[in-house]
Amino acid sequence: MKKKSKIDSIRNIGIIAHIDAGKTTVTERILYYTGRSHKMGEVHDGEATMDWMPDEQERGITITSAVTTCQWKGSEIQLIDTPGHVDFTIEVERSLRVLDGAVGVFCAVGGVEPQSETVWRQADKYHVPKMAFINKLDRIGADFFGTVRMMEEKLHAKPLIIQLPLGIEDKFSGVIDLLNMKQIVWDADSLGETYTSEDISPEYLEKAEEYREKMIETVAENDDGIADAYLSEAEISVESLQDAIRKATVSLKLVPVLCGSALKNKGIQPLLDAVVRFLPSPSEVPPIKGVHPETGEVIECHAKDNAPLAALIFKVSMIEGRKLSFVRVYSGKMKAGEEVYNPSRGKKEKLSRILKMHANKRERADEAEAGSIVGVVGLKDSSTGETLCSPAHPVLLEKMEFYEPVISLAIEPKTHADQEKLTDVLEKFMSEDPTLRVLTDEDTGQTILSGMGELHLEIIISRMNREFNTFVNVGKPQVVYRETIGKVSQATSVFDKDVAGQHHFGEVTVTLKPLPRGAGNSFRSAITDEIIPEAFVPAIKKGVMESLESGSLMGYPVVDVEAVLTGGSCKESLGTELAYTVSASMACKEALANGDPFLLDPIMDVEIFVPEAFMGEVIGDLNSRKGKIESINSQKGLQVIKATVSLAKMFGYSTSLRSATQGRATFTMHFLRFDRS
């Protein structure tokens, strides 16, 4: 038998779920029972170990994904507790990118809730093997089998029930282990540390036998060895069943389902056993692929300590003003003090320190082996989604994709001192959070902060105050319109004046014609040299183009207009560039005012992903915003609506969409064109 290496005992897992399903409570129990913490922190008291930020403790939600490591029965579990709120989806996305397995936590009362669908789809995208833990079975209205059904319907998953609840609601006292056909009951006075495994009570035995049979049948469908033994009615050992379940879980064919109540300290130890037993080690998942930065040759990075280094920065944090990079080592070793190469930037970086993370606490390490998730201090230029590798063996791992922000607000510093700090503070936030964008609107001069939702931006503003002592006023961003004309218009203007002791003369006739949307502005001359000498045409063009920068309605730039020089006159020796520039500008202004001017709205291209049950509400809402639906397509249990809507009608849309769809729909939006709304 092959000797078990250290990497075989590592489990890199994430806890994923909808907000309030109990992820952080499950994580706190895991830390307590593995001896990593000596007190159970409760979310409702603001004392959860993994929710260490002040904003997390005040609001009772997870905002940032926290990393920790704990030991269980000879295995090292590297655990990431992820946020459940839709505004912080990027935290889940970048965590799943580097994890080998995930535990989906579901509330037995709420079932498969909206954000659970989103994070499950993200895990599917990265081919992450999953297990399910149905939590809160002690609550009134808990429905274990209803939640399993919802997993099939909403997540298109293949659940494999390996535990049944022992009682339900206020009678919930433990779980039935269908593999070993035992019931596990927790001692109520011991904070769940002590529990007994005993024979199944007679009233539950029939149901347990029925579901054990179903479990074996489901495993047999995915494993030939179990199928042969099942059909020949031979004895199937627990070990062979466990091996078959592990194989089916790792190959994404089955999702083992366990149950319990984290708040009441029931079900966590068997969950830890199942994590070690059924989820893969880094060496069991397919090796990650990268490319050679120069030749483009595909390189496989195997999870071995003696292979060349390949690691991915999946997150950057600014803690106490210092840059801390979170890194997943896929192959090779990283050593403190050595130089590594970043092929994305073509630069070498020095690893000042390597840190083992436990939420916001850290301990120094000399090196990080393949399969490790660690913090690194000292990377000056490298950022989220970039690769670190050995200078002698360069490899570029696939970059991470980030969502486009969907909501914006305008900010301005409150005092001169805040103004001096603001740019620096915003740069730190952007290096930490790739879904945050900051831009200065050239038309309005506003600083626009864009993010994934109102809560996301609220947290950023709060952190500016708390962590950096920088205060801002917050307002709605202004919509920047454009102007154009509706009909052909002509005007003539004469400039005939003495300026600074010199006489200036110029007469210009300009004709403006509307062009199709998106055509831009153009200028041409349709006169001969005898009417106005050609030398003055550039000055006339300058006057026309300058006047198109500010329209006659509200002063917004004018677009989609052709300006034609159609007439004018010249007095010999009196014609000057100044006269023709001014008269062209005046003629153009008059022609704009007479050309039926109107405003053009910024039109956004909107793509909405919505479950079919909410299609009516979403389409009705788009119609009320005068949106134009371009197409509706079906995609993996969702409907994808593509529409065009005026930006002015899209303020507050993320909140409306969530309330109309119970938070189950998501959308992306980007600028398409300027048009009449």
Side-chain angles (χ1 to χ4, degrees), residues 439-446 478-603 671 673-677:
L439 61 95
T440 303
D441 193 306
E442 290 174 11
D443 298 295
T444 63
Q446 288 181 313
Q478 297 171 12
V479 176
V480 181
Y481 296 94
R482 294 289 183 267
E483 295 184 23
T484 192
I485 55 171
K487 67 175 188 183
V488 176
S489 171
Q490 185 174 301
T492 301
S493 181
V494 179
F495 186 85
D496 190 1
K497 282 184 182 175
D498 283 327
V499 178
Q502 185 186 349
H503 196 80
H504 297 264
F505 177 85
E507 181 185 359
V508 173
T509 301
V510 173
T511 304
L512 299 182
K513 299 178 180 177
L515 292 176
R517 294 292 76 85
N521 294 334
S522 64
F523 172 86
R524 65 184 173 88
S525 170
I527 59 167
T528 59
D529 208 23
E530 288 81 41
I531 299 171
I532 297 174
E534 199 174 321
F536 293 122
V537 172
I540 293 168
K541 180 180 180 180
K542 181 181 175 223
V544 167
M545 288 309 189
E546 280 177 359
S547 67
L548 291 179
E549 287 173 10
S550 175
S552 58
L553 276 178
M554 294 171 72
Y556 290 112
V558 178
V559 294
D560 302 337
V561 166
E562 182 187 35
V564 186
L565 175 59
T566 50
S569 67
C570 179
K571 288 183 180 175
E572 202 171 323
S573 78
L574 295 179
T576 63
E577 286 190 359
L578 171 68
Y580 281 110
T581 298
V582 173
S583 58
S585 179
M586 288 158 53
C588 188
K589 288 278 184 203
E590 191 182 331
L592 280 172
N594 298 333
D596 282 354
F598 59 89
L599 286 180
L600 293 174
D601 288 57
I603 303 294
F671 173 76
R673 62 174 185 273
F674 282 99
D675 210 339
R676 209 166 191 166
S677 63

Enquirer: State whether a side-chain donor-acceptor pair under 3.5 Å links S547 with S585.
Expert: no
Enquirer: Side chain of K487, backbone of P514: donor and acceptor closer than 3.5 Å?
Expert: no
Enquirer: Nearest heavy-atom pair of S569 and Y580: which atoms, and what distance?
Expert: O-OH, 2.8 Å
Enquirer: Tell me, yes or no, whether the heavy-atom count around E577 atom CD, taken from other residues, nucleotides or ligands under 6.0 Å, exceeds 12.
Expert: no
Enquirer: Can you tell whether the side chains of D560 and R517 come within less than 4.0 Å, N to carboxylate O?
Expert: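 Looking at D560 and R517, the cut-off is met.
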Enquirer: Report yes or no: does D601 contribute a side-chain atom to a donor-acceptor pair with the main-chain N or O of R676 at less than 3.5 Å?
Expert: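 Side chain of D601 to backbone of R676, a donor-acceptor pair under 3.5 Å: no, none is there.
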Enquirer: Using the rule given for side-chain contact (heavy atoms from CB on, under 4.5 Å), can you reason through I540 versus I532, listing the C-alpha separation, both sets of side-chain angles and the distance that settles it, and then say yes or no?
Expert: CA-CA 10 Å; I540 293 168; I532 297 174; 4.1 Å; yes
Enquirer: Got F598 and T484 here, is their nearest side-chain heavy-atom distance under 4.5 Å?
Expert: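 In short, these two side chains touch, coming nearer than 4.5 Å.
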Enquirer: Is there side-chain contact between Q490 and V510, with at least one heavy-atom pair below 4.5 Å?
Expert: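 No - every pair of side-chain heavy atoms lies 4.5 Å or more apart.
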Enquirer: When you measure from the centre of the six-membered ring of F523, is the NZ or CZ of K541 under 6.0 Å away and within 45° of the axis?
Expert: no
Enquirer: Minimum heavy-atom separation for A491 to A587, with atom names?
Expert: CB-O, 3.3 Å
Enquirer: Go through L599 and M554 one step at a time and tell me if the side-chain contact (heavy atoms from CB on, under 4.5 Å) criterion holds.
Expert: CA-CA 9 Å; L599 286 180; M554 294 171 72; 3.6 Å; yes
Enquirer: Would you check if S550 and K589 make a side-chain contact, meaning some heavy-atom pair closer than 4.5 Å?
Expert: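 A side-chain contact exists here, since the closest heavy-atom pair is under 4.5 Å.
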Enquirer: What closest approach, in Å, do T566 and I527 show between heavy atoms, and which atom pair accounts for it?
Expert: C-CG2, 3.4 Å
Enquirer: Between T492 and T509 (side chain of the first, backbone of the second, donor and acceptor by atom type, cut-off under 3.5 Å), is there such a pair?
Expert: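 No, because the side chain of T492 does not come within donor-acceptor range (under 3.5 Å) of the backbone of T509.
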Enquirer: Quick one: does E483's side chain have a donor or acceptor within less than 3.5 Å of a partner on Y556's backbone?
Expert: yes
Enquirer: Rounded to the nearest 0.5 Å, how far does CD1 of I603 lie from CG of D675?
Expert: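 Reported to 0.5 Å precision, the distance equals 5.5 Å.
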Enquirer: Applying the side-chain contact (heavy atoms from CB on, under 4.5 Å) criterion to C588, which one of V558, V508, V544 satisfies it?
Expert: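 Among the candidates, only V544 passes.
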Enquirer: Using the side-chain contact (heavy atoms from CB on, under 4.5 Å) rule, take T511 and V488 through it: C-alpha gap first, then chi angles, then the decisive distance, then the call.
Expert: CA-CA 7 Å; T511 304; V488 176; 3.8 Å; yes
Enquirer: Counting C-beta onward and ignoring hydrogens, is there a side-chain heavy-atom pair between L592 and P597 closer than 4.5 Å?
Expert: no
Enquirer: Under 3.5 Å, is there a donor-acceptor pair between the S583 and S493 side chains?
Expert: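 Judged by distance alone, the side chains do not pair up.
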Enquirer: Got T581 and F536 here, is their nearest side-chain heavy-atom distance under 4.5 Å?
Expert: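 No, their side chains stay 4.5 Å or more apart.
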Enquirer: Testing the basics here: between I531 and G568, what is the closest heavy-atom pair and its distance to 0.1 Å?
Expert: CG2-O, 3.1 Å
Enquirer: Stepwise, does the side-chain contact (heavy atoms from CB on, under 4.5 Å) test hold for D496 with H504?
Expert: CA-CA 6 Å; D496 190 1; H504 297 264; over 6 Å; no
